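Treat the numbers as computed from the prediction; the structure is a model and nothing was measured. Order of the sequence lines sets the chain letters (A, B, ...), proteins ahead of strands, with each chain counted from 1.
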Amino acid sequence: MLTSEDKKLIQAVWEKVSGCQEDVGAETLSRMFATYPQTKTYFPHFDLHQGSDQIRGHGKKVVSALGTAAKSLDNLSQALSELSNLHAYNLRVDPVNFKLLAQCFQVVLAVHLGKDYTPEMHAAVDKFMSAVAAVLAEKYR
Amino acid sequence: MVNWSAEEKQLITSIWGKVSVEECGAEALARLLIVYPWTQRFFDNFGNLSSPTAIVGNPKVRAHGKKVLTSFGEAIKNLDNLKGTYSKLSELHCDRLHVDPENFRLLGDILVIVLAAHFGKDFSPACQATWQKLVGVVAHALAHKYH
């Protein structure tokens, strides 16, 4: 359950990375493919070399969607409804992978923010990513 | 038996050589207790865990974090025999402490994030991949004696 303090922290994190969202997205995906090679199965049509245009483009998409979610913390289900449909009926990404993406996203935030990535921020982002994952998997069955 | 390439061993030892076991251990354990508060139940006798600030400053948390990460150092010295190295600790965590092995994975993931915060860009994707593999096999070795 996201407290009002969590919401402030999530928005603060977003502000801190607002200038390099595309980089954050691309890096998150690259790390996910390197660390959890099984995730590549969902991207047979992609050039998965680090820095590829497709990874950059898709990373930007993912972070943009997370940004939308971060602005709609009081109504995640509605804000992510389209994406929820997409993941349930088209992509059918095993929900286990949401945790793997979340871990890599946290690592990228830690790399970029260093000491500024406080335990409180870490906890808030972890809760946020869990909430997003739950919404994305909502319509699976 | 886990296979470690020369590159993986290098990525492990080069990071480990620069880690302050006391600082990183304390931080990782504190974050575990803050991010996953249910883990606090294993540390009833640690005193004040009432807030993130209290947890971070708690001397027992710091000391225990150091202990946990020191043990990790043993794993790094014995990459080819993790199960043997962790045999007694595995029995301890199962028979006496009753810690669900899922918590080892949670702590491992947190340790990776702590290292990322410390090393910044030096914690490359290859580094992360190697360290995620390491924390995974350590968690597995710790769970090995569970029954």
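Interface with chain B: from residues 89-104 of chain A, residues A/Q103, A/C104 qualify, criterion being any non-hydrogen pair under 4.5 Å. Interface residues of residues 38-74 of chain A toward chain B, defined by a heavy-atom distance below 4.5 Å and sorted by number: A/Q50. The contact list for residues 19-35 of chain A toward chain B, using heavy atoms and a distance under 4.5 Å, reads A/R31, A/A34, A/T35 by residue number.
Annotation for B/L134 and B/W4: closest pair CA-CH2, 3.6 Å, computed over non-hydrogen atoms. Looking at every heavy atom in both residues, B/W131 comes nearest to B/I76 through CH2-CD1, 3.8 Å.
Rounded to the nearest 0.5 angstrom, B/C127 SG and B/I15 CD1 are separated by 4.0 Å.
The closest side-chain donor-acceptor pair between A/Q78 and A/N75 falls under 3.5 angstrom. B/H118 and B/E23 share no donor-acceptor pair across their side chains, judged by distance under 3.5 Å alone. Side-chain atoms of B/D109 and B/Q132 form a donor-acceptor pair, as typed in the model, at a separation below 3.5 Å.
No donor-acceptor pair closer than 3.5 Å links the side chain of B/N78 to the backbone N or O of B/N81. The main-chain N or O of A/T3 is found under 3.5 Å from a side-chain atom of A/D6 such that the two form a donor-acceptor pair. Between the side chain of B/H140 and the backbone N or O of B/G136 there is no donor-acceptor pair closer than 3.5 Å. Between the side chain of B/Y86 and the backbone N or O of B/H144, no donor-acceptor pair lies under 3.5 Å. Checking side-chain atoms of A/S18 against main-chain N and O of A/E15 turns up a donor-acceptor pair under 3.5 Å.
The contact between B/S124 and chain A is made entirely by backbone atoms, counting heavy-atom distances below 4.5 Å. Of the two parts of B/F119, neither the backbone nor the side chain holds a non-hydrogen atom closer than 4.5 Å to a non-hydrogen atom of chain A. Proximity to chain A is limited to the side chain of B/V56, based on heavy atoms less than 4.5 angstrom apart.
The candidate with the highest count of non-hydrogen atom pairs below 4.5 Å against chain B, out of A/K127, A/K115, A/H112, A/H122, is A/H122. Taking B/A129, B/A126, B/A30 one by one and counting their heavy-atom pairs under 4.5 Å with chain A, the maximum is reached by B/A129.
The stretch residues 62-85 of chain A participates, sequence neighbours left out, in no ring pair (Phe, Tyr, Trp, His ring centres under 6.0 Å) pair at all.
The environment of B/K66 atom NZ is sparse: at most 12 non-hydrogen atoms of other residues, nucleotides or ligands sit within 6.0 angstrom.
A/V107 and B/L11 are members of different hydrophobic clusters when ILVMFWY side chains are connected at heavy-atom separations under 4.5 Å.
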Candidate pair A/V125 and A/V13, rule side chain to side chain contact (heavy atoms under 4.5 Å, CB included), full reasoning: CA-CA 8 Å; A/V125 171; A/V13 168; 4.1 Å; yes

